[in-house]
Amino acid sequence: VRTVARDIVTALDENPHVAEISSAWSTPVPPDLISTDRTAGLIVAGITGTEAQQQTYAEDISEQVSGERDGVTVRTGGTAMVNVQITEQSQRDLLLMESLAIPLSFLVLVWVFGGLLAAALPVAIGAMAVIGALAVLRVVTFATDVSIFALNLAAAMGLALAIDYTLLIVSRFRDEVAAGAPREQALVTTMVTAGRTVLFSALTVALSMAAMVLFPMYFLKSFAYAGVATVALCAAAAALVTPAAIMLLGDRLDA
């Protein structure tokens, strides 16, 4: 056991990202690093870098030292490894959420809009907004840390706002056409009224989300980045893409 432990300490000592090391095999032996039944001991390594960098370094170190060595079981833990596991679980949850939310939302939209093409429009708007928001977050990562939970926020907000804004515009357009207005005039009236509402709503939500950038916690700042980017892109897509799609689809919008 001592040989295995010393090999691990040597590997950690040679790692440029490890700042300090203490272990149950040090001299003198720290009593808190040995289990009461004396069947386990701890090697504590301090890791340098930002929180995001620490996760990367901790994962690399864990892959190097974990496993079975000459009958000795080596496991890794600590705050950095917990954050690694949270990140991995959040990524899996995001995929699961989208795989459930998008099909169910589409079915509800088919029922609400009464057609496949009309129902596909808000989903397309949402996809554009989410992809754009993720691109913005990627750029932000070059300047500061971004929480993994910002991805969940961008996906959820992007789909929700796209449905909200597109439903508002399409419903108003249909009301104008039903009242006897030509399609071109109906669209103009729609964008002057419902379009203005969408922009006002987006501005309100963006300002609310932007307030979180004032907090010192980086994950709250990440929510601000994700929220503002998603809202802005949703509003832009709703105000520009939706009316263009309405005119291009023509009567097929109600098919």
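Other residues, nucleotides and ligands place no more than 12 heavy atoms under 6.0 Å from the CD atom of E20. Atom CZ of F215 sits in a sparse spot, with 12 or fewer heavy atoms from other residues, nucleotides or ligands closer than 6.0 Å.
A226 and L153 get closest at one heavy-atom pair: CB-CD2, 4.2 Å. Closest of all the heavy-atom pairs between M209 and M157 is CE-SD, 4.1 Å. Residues S99 and L96 come closest through the heavy atom pair OG-O, 2.7 Å. In terms of heavy-atom proximity, L134 sits nearest to A154 at CD2-CB, 4.5 Å. Across all non-hydrogen atoms, the minimal contact from S147 to S222 is N-OG, 2.8 Å. Nearest approach of V213 to A224, heavy atoms of both residues: N-CB, 3.7 Å.
In this view, S23 and V9, W25, S26, I43 satisfy the side-chain contact (heavy atoms from CB on, under 4.5 Å) rule, not counting sequence neighbours.
To the nearest 0.5 Å, atoms CD1 (I8) and CD (Q64) are separated by 11.0 Å.
Defined by atom type and a distance below 3.5 Å, a donor-acceptor pair is present between the side-chain atoms of S201 and Y165.
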**Candidate pair Y225 and V136, rule side-chain contact (heavy atoms from CB on, under 4.5 Å), full reasoning** = CA-CA 8 Å; Y225 307 145; V136 171; 6.0 Å; no
**Request:** With side-chain contact (heavy atoms from CB on, under 4.5 Å) as the test, would you mind laying out the steps for F223 and L220 before giving the verdict?
**Result:** CA-CA 5 Å; F223 290 166; L220 288 180; 4.0 Å; yes
**Request:** Begin with the C-alpha distance, continue with both residues' side-chain angles, and end with the deciding distance and a verdict on side-chain contact (heavy atoms from CB on, under 4.5 Å) for D13 and V18.
**Result:** CA-CA 7 Å; D13 192 46; V18 176; over 6 Å; no
**Prompt:** For T87 and Q55, what are the C-alpha separation, side-chain angles and deciding distance, and is it a side-chain contact (heavy atoms from CB on, under 4.5 Å)?
**Reply:** CA-CA 9 Å; T87 298; Q55 293 184 42; 3.0 Å; yes
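In the hydrophobic clustering of this structure, V198 groups with M247; members are Ile, Leu, Val, Met, Phe, Trp, Tyr whose side-chain heavy atoms approach within less than 4.5 Å, directly or through other members.
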Indicate every side-chain donor-acceptor pair of residues 74-83 with a distance under 3.5 Å to a residue at least two apart or in another chain.
| residue | atom | partner | partner atom | Å |
| --- | --- | --- | --- | --- |
| T76 | OG1 | S62 | OG | 2.7 |
| N83 | ND2 | T79 | O | 3.4 |

